[in-house]
Amino acid sequence: MAKNLLIVESPAKAKTIEGYLGKDFTVKSSYGHIRDLVKSEDAIDINNNFNQRYEVPADKKQVVSELKKLAKEADMVWLASDEDREGEAISWHLFETLGLKEPDTRRIVFHEITKPAILKAIENPRKINYNLVNAQQARRVLDRLVGFELSPVLWKKVKPSLSAGRVQSVAVRLIVEREREVNKFKAEAAFKVVAIFGQGRNAFKAELPERFSQQADAEKFLQDCVKALFEIRSLETRPTKRSPAAPFTTSTLQQEASRKLGYSVSRTMSIAQKLYESGYITYMRTDSVNLSDTALNAAANEITSAYGDKYHQQRKYKTKSAGAQEAHEAIRPTYFDKHTIDGDGAEKRLYELIWKRAIASQMSEAQFEKTVAKISISTRKEELVANGEVMKFDGFLKVYLESHDDEDDNQADGENAILPPLSKGQQLDLQEMTATERFSRPPARYTEASLVKKLEELGIGRPSTYAPTISTIQNRGYVVKEEREGRQRNFRVLTLKGNDITKEEKTENTGAERGKLFPTDIGAVVNDFLVQHFNGIVDFNFTASVEKEFDEIAQGLKDWTKMIRTFYDPFHKDVANTIETAEKATGERELGVHPESGKKVSVRIGRYGPFVQVGENANDESEEKPLYASLRTGQSIETISLEDALELFKLPKVVGEYEGKIMKVAIGRFGPYISHNSAFVSLPKEIDPLDVTEEQAIELIEAKRKKDAEKLIKTFDEDPDVKILNGRWGPYIEFGKLNVKIPKDKEPASLTYEECKALADATPATTKKGRFGKAAPAKAAAPAAKKAPAKKKAPAKKK
DNA sequence: CAGTGAGCGAGCTTCCGCTTGACTT
């Protein structure tokens with residue numbers, strides 16, 4: 001038995017380290033945290049110094065018992081979790097849970113998984129840093145208190161099962177506020193003048209720095225240019241350079257993989273996880289841009305041998321993010337001489353991206369010669385400007401060019417074009433000049449990756465939580481990732497050619513979005529509610545300010561329970577006050593009055609989602625009941641117009657007759673559908689329910705019948721409502737409204753009616769939904785309830 | 001599931017940060 005047990009957080013890391021240390025060491029992993037606060041309300045004892053109750057979650061029991069056993073057998077246990085707040089806490093939880101004793105325990109840390117780093121760490125053990133542990137406890141307790149007190153407020157005031165938290169609520173806020181900026185944005189049009197001089201290979205573009213807001217001014221300018229002389233007034237050439245970006249962190253990897261490969265952040269992370277487990281890359285959840293000395297040398301060797309000495313330049317990067325804890329290296333290939341790897345296409349592409357970025361980060365800068373030519377116009381005082389750029393040395397650009405979110409902006413302007421040989425005083429031949437109407441652009445909606453970037457800038461969230469946070473806000477229905485169609489927009493183009501000026505009107509598509517994050521109505525309502533009642537929590541600086549206090553705790557300058565007390569008491573007061581006084585939040589908005597009846601038209605969120613209401617709530621029997629209609633996908637209570645709202649009442653609508661029965665189009669909870677003779681057909685997305693023709697409807701009904709017939713295996717004379725069908729997951733019996741799976745040992749085609757009935761009777765009706773969600777399972781059917789009888793709920797809080 | 005938007009009301013939902021596989025539908 002090995003004398004030493006060394007525990008790290010990640011199993012892949014454990015494997016590597018075991019190779020470095022030899023027989024005297026057993027290296028195991030804790031798989032992250034091994035304990036957490038209990039789920040129940042009594043996890044934190046508010047009145048007793050915020051004492052915590054921890055438990056080992058079910059999925060960690062096995063790991064813990066194995067570690068316990070090994071720890072008992074070992075002479076010395078080395079706690080080698082990461083050197084950051086969470087890592088220190090993991091060591092402490094291990095110490096407590098495994099029942100370790102101080103003389104036989106060492107705490108060690110390293111920032112890179114290299115043999116010298118590990119050996120050095122072992123020579124320099126220390127004790128658990130309880131200040132750091134306290135800082136983590138403060139973080140953990142604060143997040144629990146915030147999350148588990150705020151969420152229930154939402155259940156009461158907005159809708160059950162919603163959630164709020166220090167991180168997710170700010171993420172939603174960013175998206176809601178950006179959407180509002182986009183919606184209130186008014187595009188401003190201005191004419192941009194571009195001239196083309198010279199012929200053929202010597203042709204080049206020049207631009208007028210000023211823009212004209214009025215068409216008349218642009219026209220006048222072109223008019224003035226008809227007989228004008230153009231001359232190069234000044235010519236300036238200067239060297240410029242561009243430097244490579246730092247190697248990847250989690251967030252920059254997510255951004256580049258999104259821009260260059262189109263991966264979602266969760267896809268990027270799961271591919272990176274595979275690469276890590278295969279030993280191709282270093283750890284992928286990191287906020288550090290640092291490379292180990294071993295890596296610097298390996299990169300230097302690779303660059304020198306592959307590209308030559310002049311392409312290499314050693315660089316050490318410093319992190320720019322304030323909250324960075326830098327427990328690991330930057331993300332880099334484990335072996336720089338491996339330009340590509342075995343694996344599927346996605347893995348290969350991500351690996352190559354990581355390899356290029358890391359290699360480029362150690363390469364020389366690219367050198368350019370930038371030329372600016374200013375061109376005077378004899379009839380005007382303005383000058384045209386031509387920019388040219390010639391690359392003199394490619395440097396790092398040989399392998400990698402970083403992309404940016406706002407890429408397409410400059411590209412079209414010929415910013416980096418090559419200019420022909422020019423000289424000062426040279427007369428130029430105008431070939432063509434255009435004045436094109438261009439529009440200012442609204443701020444860009446967030447993509448998953450650009451949201452991560454923003455969160456990182458605000459110091460909110462950690463490398464391990466970016467991807468899960470993005471999923472959470474989508475799963476809660478606060479945010480949707482969507483494509484939206486743009487709309488056509490006209491713009492004017494004036495062209496001067498020869499001595500003639502022509503005008504034309506062109507159209508372009510604008511506002512189309514792909515893979516952008518949009519707030520839902522519920523997201524907006526929840527956000528507004530939180531901003532109104534808990535501004536301090538959803539403040540963009542809240543995390544930064546508590547982080548500062550956590551740092552003070554980590555340095556031993558502050559008592560963590562005092563810090564939490566100072567936060568909690570007023571916060572809890574707000575919670576209690578809000579529960580008592582706040583109205584239910586529905587996002588209600590009045591759109592106006594119905595043009596014919598004069599009744600009030602309003603929108604709000606109801607039990608089944610956003611809807612329009614015409615007429616007041618009936619509080620008296622003599623009054624008429626109001627009319628309701630659900631909003632369609634893509635519509636929102638915040639932006640819908642009165643006209644669009646009234647459109648919704650044009651459904652349900654009879655679109656024709658078929659086989660003697662009417663066909664009706666309506667919108668249901670699951671979207672638009674056609675009903676016919678008590679059968680239902682969903683409308684495909686691309687068909688507008690208001691435009692369905694009789695022919696289309698018949699076609700759809702027939703198509704549905706055909707599809708159903710393909711699924712049908714057998715029917716019965718005894719009861720037409722009983723069928724055997726082939727479903728997505730195999731054959732099943734449709735017994736009236738109940739679907740029953742057919743056991744594997746039965747042949748579906750040979751089942752008799754009686755057998756079907758028996759199977760149906762044996763199936764508990766748990767799939768049926770009651771009015772308030774899932775129907776309770778029949779009491780007698782569940783004799784052995786696993787759960788202990790529910791605890792008595794704490795009596796209602798005193799008022 | 002197929003046109004609702006009350007209330008009735010037992011018992012449930014929920015946080016952030018560390019880690020990976022185990023899961024059906």
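All chains are named by letter (A, B, ...) in the order of the sequence lines, taking the proteins before the strands, and each is independently numbered beginning at 1. Hydrogens, waters and symmetry mates play no part in the numbers below; they use all other heavy atoms, side chains included.
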**Message:** With a cut-off of less than 4.0 Å, is there a side-chain N or O of A/S163 near OP1 or OP2 of B/dC15?
**Reply:** yes
**Request:** Determine which bases of DNA chain B form Watson-Crick or G-U wobble pairs with both distances under 3.5 Å, and write the result as a 5' to 3' dot-bracket string with | for other-strand partners.
**Result:** .........................
**Prompt:** Looking at A/E547 and A/R139, does any basic side-chain N land under 4.0 Å from a carboxylate oxygen?
**Reply:** no
**Request:** Identify whether a stacking contact exists between A/Y628 and B/dG3, where the ring centres must be under 5.5 Å apart and the planes under 30° apart.
**Result:** no
**Request:** Specify the separation, in whole Å, of atom CD of A/E277 and atom C1' of B/dT19.
**Result:** 10 Å
**Message:** I want to check one thing: is the phosphate of B/dG17, taken as OP1 and OP2, less than 4.0 Å away from some side-chain N or O of A/R144?
**Reply:** no
**Request:** Have a look at A/Q168 and say if it touches a base, only the backbone sugar-phosphate, or nothing, with a 4.0 Å heavy-atom cut-off.
**Result:** sugar-phosphate
**Item:** Close side-chain approach of A/L142 to A/R166, heavy-atom, < 4.5 Å
**Value:** yes
**Asked** With respect to the side chain of A/E9, which nucleotide from B/dC18, B/dC15, B/dG17 is positioned closest?
**Response** B/dC18
**Prompt:** Taking the six-membered ring for Trp, does A/F148 stack with B/dT14 (centroid gap under 5.5 Å, planes within less than 30°)?
**Reply:** yes
**Complete:** In short, A/I473 meets A/A171 closest at the heavy-atom pair CD1-CB, 4.1 Å
**Complete:** By side chain to side chain contact (heavy atoms under 4.5 Å, CB included), A/T282 pairs with (sequence neighbours left out) A/E329, A/R332
**Request:** Could you tell me whether A/R140 contacts a base, only the sugar-phosphate backbone, or nothing, with contacts defined as non-hydrogen atoms closer than 4.0 Å?
**Result:** base
**Message:** Taking only side-chain N and O atoms of A/S161, does any of them lie within less than 4.0 angstrom of OP1 or OP2 on B/dT14?
**Reply:** no
**Request:** State whether the side chain of A/K704 and the backbone N or O of A/F680 hold a donor-acceptor pair below 3.5 Å, judged by distance alone.
**Result:** yes
**Request:** May I ask you to decide if the ring planes of A/F567 and A/F542 are parallel, tilted or perpendicular, using 30° and 60° as cut-offs?
**Result:** tilted
For residues 465-472 of chain A, please give each side-chain donor-acceptor pair under 3.5 Å, one per line with the distance, not counting sequence neighbours.
unit_1: A/T465; atom_1: OG1; unit_2: A/R462; atom_2: N; d: 2.8
unit_1: A/T465; atom_1: OG1; unit_2: A/R462; atom_2: O; d: 3.0
unit_1: A/T469; atom_1: OG1; unit_2: A/T465; atom_2: O; d: 2.7
unit_1: A/S471; atom_1: OG; unit_2: A/A467; atom_2: O; d: 3.2
unit_1: A/T472; atom_1: OG1; unit_2: A/P468; atom_2: O; d: 2.9

**Request:** Tell me, please, whether A/F611 has A/R604 positioned over its six-membered ring: NZ or CZ under 6.0 Å from the ring centre and within 45 degrees of its axis?
**Result:** no
**Request:** Name the nucleic acid region contacted by A/A89, choosing base, sugar-phosphate or nothing; use a 4.0 angstrom heavy-atom cut-off, strictly under.
**Result:** nothing
**With A/F95 via ring-ring contact (aromatic ring centres under 6.0 Å, His included) - residues at least two apart** = none
**Prompt:** P atom, B/dG21 versus B/dT25: distance in rounded Å?
**Reply:** 23 Å
**Asked** Are A/H676 and A/V681 side-chain neighbours, meaning at least one heavy-atom pair lies under 4.5 Å?
**Response** no
**Message:** Given B/dG17, B/dC15, B/dG3, identify the nucleotide with an atom nearest to the side chain of A/R476.
**Reply:** B/dC15
**Out of B/dC16, B/dT20, B/dA6, whichever nucleotide has its closest atom nearest the side chain of A/R604** = B/dA6
**Request:** Decide, applying a 5.5 Å centre-distance limit and a 30° plane-angle limit (both strict), whether A/W155 stacks on B/dT13.
**Result:** yes
**Asked** With a non-hydrogen cut-off below 4.0 angstrom, is A/V146 in contact with a base, only sugar-phosphate, or nothing?
**Response** nothing
**B/dC18 and B/dA22, which share atom name P, separated by this distance in whole Å** = 24 Å
**Asked** Of the non-hydrogen atoms in A/S169 and A/V538, which two are nearest, and what is the gap between them?
**Response** CB-CG1, 3.7 Å
**Item:** Charged tip of A/K157 within 45° of A/F529 ring normal and under 6.0 Å
**Value:** no
**Interatomic distance, A/L154 CG vs B/dT13 C1' [rounded to whole Å]** = 11 Å
**Asked** Among B/dC15, B/dT19, B/dC18, which nucleotide sits nearest the side chain of A/Y31?
**Response** B/dT19
**Asked** With a 4.0 Å cut-off, would you call A/K599 and A/E616 a salt bridge?
**Response** no
**Message:** Looking at A/R285, I'd like to know whether one of its side-chain N or O atoms comes within less than 4.0 Å of OP1 or OP2 on B/dT19.
**Reply:** yes
**Request:** May I have the distance from A/I701 (atom CD1) to B/dA2 (atom C1'), rounded to whole angstrom?
**Result:** 15 Å
**Between B/dG5 (P) and A/K600 (NZ): distance, integer Å** = 17 Å
**Request:** Scan residues 266-274 of chain A against DNA chain B and write down, sorted by residue number, each residue with any heavy atom closer than 4.0 Å; if none is found, say none.
**Result:** A/Q273
**Prompt:** Which nucleotide, B/dG21, B/dT19, B/dT14, lies nearest any side-chain atom of A/P152?
**Reply:** B/dT14
**Complete:** Of A/S10 and A/D143, the one whose closest nucleotide on DNA chain B sits nearer the 5' end is A/D143
**Message:** Please give me every residue in residues 458-468 of chain A whose heavy atoms get under 4.0 Å of an atom in DNA chain B, ordered by residue number.
**Reply:** A/G461, A/R462, A/S464, A/T465
**Asked** Can a donor-acceptor pair be found between the side chains of A/H111 and A/E326 at a distance below 3.5 Å?
**Response** no
**Asked** For A/G32, which contact category applies under a 4.0 Å heavy-atom criterion: base, sugar-phosphate, or nothing?
**Response** base
**Prompt:** Quantified in whole Å, what is the P atom distance between nucleotide B/dT19 and nucleotide B/dC23?
**Reply:** 23 Å
**Item:** Integer-rounded Å distance: B/dT20 P and A/K28 NZ
**Value:** 15 Å
